[in-house]
Structures are given as structure tokens and as C-alpha cells.
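Data block below; observations after.
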Amino acid sequence: DTGVSQDPRHKITKRGQNVTFRCDPISEHNRLYWYRQTLGQGPEFLTYFQNEAQLEKSRLLSDRFSAERPKGSFSTLEIQRTEQGDSAMYLCASSFTGTAGGGYTFGSGTRLTVV
Amino acid sequence: SQQGEEDPQALSIQEGENATMNCSYKTSINNLQWYRQNSGRGLVHLILIRSNEREKHSGRLRVTLDTSKKSSSLLITASRAADTASYFCATDGTSGSRLTFGEGTQLTVNP
């Protein structure tokens, strides 16, 4: 396990469809984060988990978005009834609390295009 | 809303020159981090500086932090074409929950 894996890398979906993304963090990391990034902007925080507990959700995370992290391992992010405005790169990151000098390890992202 | 603001938004230099990017933030922080992102890829952690530190070095990178001005700078010395990327600062607030990113500086290093 050398990094954070995200699947799929790309997803094209029709407006109104549901989509689900998966993130596999670094196994030793207890925190997992979801961010969304649109072209030319910095990542915007969506939600994060510590182990299996979802500790914070952004106001950006409307009721169409739901994230889970069963058993504190991989995580899924589901978007229901997708809208064109949901088109973005969805980034997952993980970290270990208590690591001195450490940062986040990001996956390569899932690029969502809603047509 | 974004916590940090990077300046400049875009920077174009010649290989071998130094590149300086600045970041300002609004609230108290535990630490400030810099990340690099190549086009269409995830972010890579470069360096972290804690709120009680003023300067930190890592290879060709030098980061400064001025908590009184709520600002930080990233200096890349002797730049290379491979340094072409977007650079983001991110702050870890005193609640310590998660990072807030700025909008980034697009650096282009011309060979």
C-alpha cells in the first residue's frame, strides 16, 4: 500500500443519475477527507472521518451527497440526482493524527462530468 | 470560503531563476502547509511549518511564516521545468480538524 487510491479516475454521467466514488486510504491513516476542486480553484472541503466516525460536514455537502466509511477503512462518496454543477474533481486524502510534521496524502482524484 | 489567498495567481520564469509565492490567511492557525499539483492530478505535500516556527527549509524549498501578518511565502530556488505546477497553501486551524486551501499560484518554468 503505497498511496491513496481512488476509483474510478473518470466518470461521465447524465444529469439526474446517481454516482458513487470509492477511496482507499493509506492503511495506517485514521483520518480520511473528501474535497472537491473545480478548474482553476483550490480544493474545497466536503467532509472528513476519523476512523468510522464522520466528524465534520461542509455546508457544500447538500442532502444529495452522502459519505460513508464503514469499519474505518475505505470510504465512498455518493451523489444522488446529479446536476451539471456537480462536475468537478473529487479528491480524497488521508492522514494520521499525531504525526509530527506530516501532511495529507492525496489520491489522484475522480473527475466527474455531468452532461 | 477559502482561508488562504495566494499571490501571484500566475508566475512565469526561466529555468534557473527563483520563484516566490505568497499566501495570506485570516484566522489563527496550528500550522501552514504547501502543496504542489500537476495538471489533472492529486496534490503532493511539500512542507509544513508550525505556528511557532518562522522559517523552514527542505531541499530547494524555503518557507517563511509571519503569524503577526498572517502570511507565508514559498521560495523555490534554482527552478526547473519539472517545477511547473500549481502551488497551494493550506492552513490547519486551531480546532485542528481539517485543512483549508487557498486558490493557488500557477507556476510555469520555461526551459
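Values below: all heavy atoms of this structure, side chains included; hydrogens, waters and symmetry mates excluded. Residue numbering restarts at 1 for every chain, and letters A, B, ... go by the order of the sequence lines. Here the structure is a predicted model, which means the values were calculated and not measured.
- Within the 4.5 Å cutoff, the side chain of B:Glu55 has heavy atoms near those of the B:His57 side chain.
- No salt bridge links A:Arg64 with A:Glu78; every basic N to acidic carboxylate O contact stays at or beyond 4.0 Å.
- Contacts of A:Leu55 with chain B are absent, with no heavy-atom separation under 4.5 Å from either backbone or side chain.
- The candidate from A:Arg59, A:Gln37, A:Met89, A:Gln6 with the greatest count of non-hydrogen atom pairs under 4.5 Å with chain B is A:Gln37.
- Taking the side-chain hydrogen bond (donor to acceptor under 3.5 Å, both in side chains) definition, one finds that B:Ser86 meets it with B:Gln106, sequence neighbours left out.
- Each of B:Gly104, B:Ala90, B:Gly40 has some count of heavy-atom pairs under 4.5 Å with chain A, and the biggest count is that of B:Gly40.
- Among pairs with a residue in residues 72-83 of chain B, those fulfilling side chain to side chain donor-acceptor pair (under 3.5 Å) read B:Trp34-B:Ser72, B:Arg60-B:Asp83, B:Thr64-B:Ser73, at least two apart in sequence or across chains.
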